[in-house]
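Just so you know, these numbers use all the heavy atoms, side chains as well, and skip hydrogens, waters and symmetry mates.
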Amino acid sequence: MKRTLWVQKTPPHPRLLELTAGSDREWDKWLMPFDIRGCIGHVAGLKASKLLTAREAKQLTLALQAAAAACKRGELTVTEHDEDCHSAVESFVTAKLGALGGKLHMARSRNDQVAAALRLYMKHGLLDVHARAIELVQALTAFATAHGDAPLPGYTHTRRAMPSSVALWAGAFAAGLLDTLETLPAVWASLDRSPLGSASGYGLPLTLNRKATAQALGFSDIDQPVTLTQNSRGKLEAAALFWSVQLGHDAGKLACDVILFSGEEFGFFAIDGSLTTGSSLMPHKRNPDLFELARARAAALEGDLAQVLALRGRLGSGYHRDFQLLKEPVMRGLSRASEMLEMLALGVAGLTPDRLRGANAIDAGVRATGEALRRAQKGTPFREAYQQVSRELGQGLTPPSTSTATIDLGPIKRRLAAARRWSRSAARVR
């Protein structure tokens with residue numbers, strides 16, 4: 001008989017439990033540490049609300065801490081005998097404390113319990129993604145500092161357009177990632193509210209100290225009104241994934257550039273051999289799999305977001321069991337985002353620009369606009385200068401060389417320092 005928290009007189013059909021649990025147990029293994037944290041905060045709130053004595057709260061907290069330790073060692077997990085991680089944790093506590101374990105679920109529904117665990121999970125996951133993005137910005141900034149004056153052609157329509165440089169190329173990605181990093185506090189504000197005390201979605205006929213529970217869990221506030229909690233299911237997951245997708249768009253573009261520019265036809269970058277893979281057939285091949293799979297993760301992230309949006313977009317208010325299927329895309333998506341950024345930070349650190357190939361690619365056509373503007377600056381109407389240079393290019397004349405375009409990395413470094421400060425501040429209270 002599988003452990004459930006709701007069996008009454010009629011035992012459930014065996015296939016009912018299998019079909020309704022599905023793959024949820026596997027994802028609940030990842031959620032369990034956060035569910036235990038949520039339970040510890042819930043006990044603190046029950047004590048503050050005088051629904052548990054100090055002695056009862058201490059015993060329950062010690063049992064939950066033992067559960068956390070057992071979970072970390074791999075001894076407490078979600079097995080085929082459990083419906084979910086909530087059942088497994090409550091069974092562990094009850095085995096230790098007997099009847100007192102039955103008080104753990106007082107004034108709580110699995111609806112607000114899982115919402116709390118998921119918010120704790122998402123806060124943890126977003127901070128991890130944020131940290132990985134900072135590492136990538138650092139790698140790009142270091143790359144621009146070390147090789148910033150290396151010339152590169154700039155492209156429009158995938159055709160050579162204007163002179164550029166490693167500094168301009170890497171700096172754009174660093175600044176773009178920072179643009180997204182700076183929007184996380186807005187997403188965080190919605191996640192940083194405790195749902196505990198909302199129960200099944202409509203509160204309880206008890207006087208609960210919800211703020212004490214929130215404080216014990218590192219939340220800055222509580223959901224109000226209580227009906228907000230279930231209406232927010234899916235919305236918060238979508239917000240977390242949408243934020244990650246924005247990072248993914250910059251990451252995917254970066255990966256695509258490296259794959260293209262490190263190919264033999266371009267040769268602007270060389271990838272460290274330790275970061276490439278070989279072919280099972282062709283002896284000469286060194287493949288940019290690290291960057292290709294980072295790009296693939298960026299694409300798959302959009303699928304995770306689409307799944308969440310489709311799940312929540314056609315539901316009425318209140319709780320629905322459909323929400324169970326939100327776990328997989330949000331957990332998978334945040335994991336993908338973190339891996340994607342880690343892969344690219346490692347990859348960028350292993351890039352070396354080929355200065356000669358980059359300089360040779362800044363040919364007469366790439367320099368043409370600069371020459372037209374130089375003449376316009378000296379007084380020739382721009383349209384006339386444009387036509388002059390165009391005719392000269394057709395006659396095989398070559399505009400003079402121009403200096404490498406560079407940028408001031410100071411603003412990027414200051415923004416990076418601010419992002420680090422926010423991350424440290426958020427991590428202290430989560």
Near [X] [atom1], under 6.0 Å, is it more than 12 heavy atoms from other residues, nucleotides or ligands?
| X | atom1 | value |
| --- | --- | --- |
| Gln307 | CD | yes |
| Trp422 | CH2 | yes |
| Lys47 | NZ | no |

Any chance the rings of Phe269 and Trp169 have centres within less than 6.0 Å?
->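 So the answer is yes for these two rings.
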Under 6.0 Å between the ring centres of Phe291 and Phe261?
->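 Between Phe291 and Phe261, the centre distance exceeds or equals 6.0 Å.
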Ring-face cation contact, Phe34 with Lys123, 6.0 Å cut, 45° max =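 Cation-pi check for Lys123 and Phe34: fails.
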Which pair of non-hydrogen atoms, one from [X] and one from [Y], has the smallest distance, and what is that distance?
| X | Y | result |
| --- | --- | --- |
| Lys235 | Arg312 | N-NE, 3.0 Å |
| Met340 | Ala251 | SD-CB, 3.7 Å |
| Ala88 | Leu76 | O-CD1, 4.1 Å |
| Val78 | Lys29 | O-CE, 3.2 Å |

Test Ser49 against Asn209 for side-chain hydrogen bond (donor to acceptor under 3.5 Å, both in side chains), laying out the working first.
-> CA-CA 5 Å; Ser49 304; Asn209 191 335; 5.5 Å; no
Evaluate the salt bridge (charged side-chain N to carboxylate O under 4.0 Å, His left out) criterion for residues Arg193 and Asp223: first the C-alpha distance (whole Å), next the side-chain angles of each, then the deciding distance (0.1 Å), finally the verdict.
-> CA-CA 6 Å; Arg193 297 193 300 251; Asp223 269 349; 3.0 Å; yes
Kindly write out the residues that satisfy side-chain hydrogen bond (donor to acceptor under 3.5 Å, both in side chains) with Arg421, not counting sequence neighbours, or none if the list is empty.
-> none
Taking Asp112 for the side chain and Ser109 for the main chain, is one N or O donor matched with an acceptor at less than 3.5 Å?
->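 A pair under 3.5 Å: yes.
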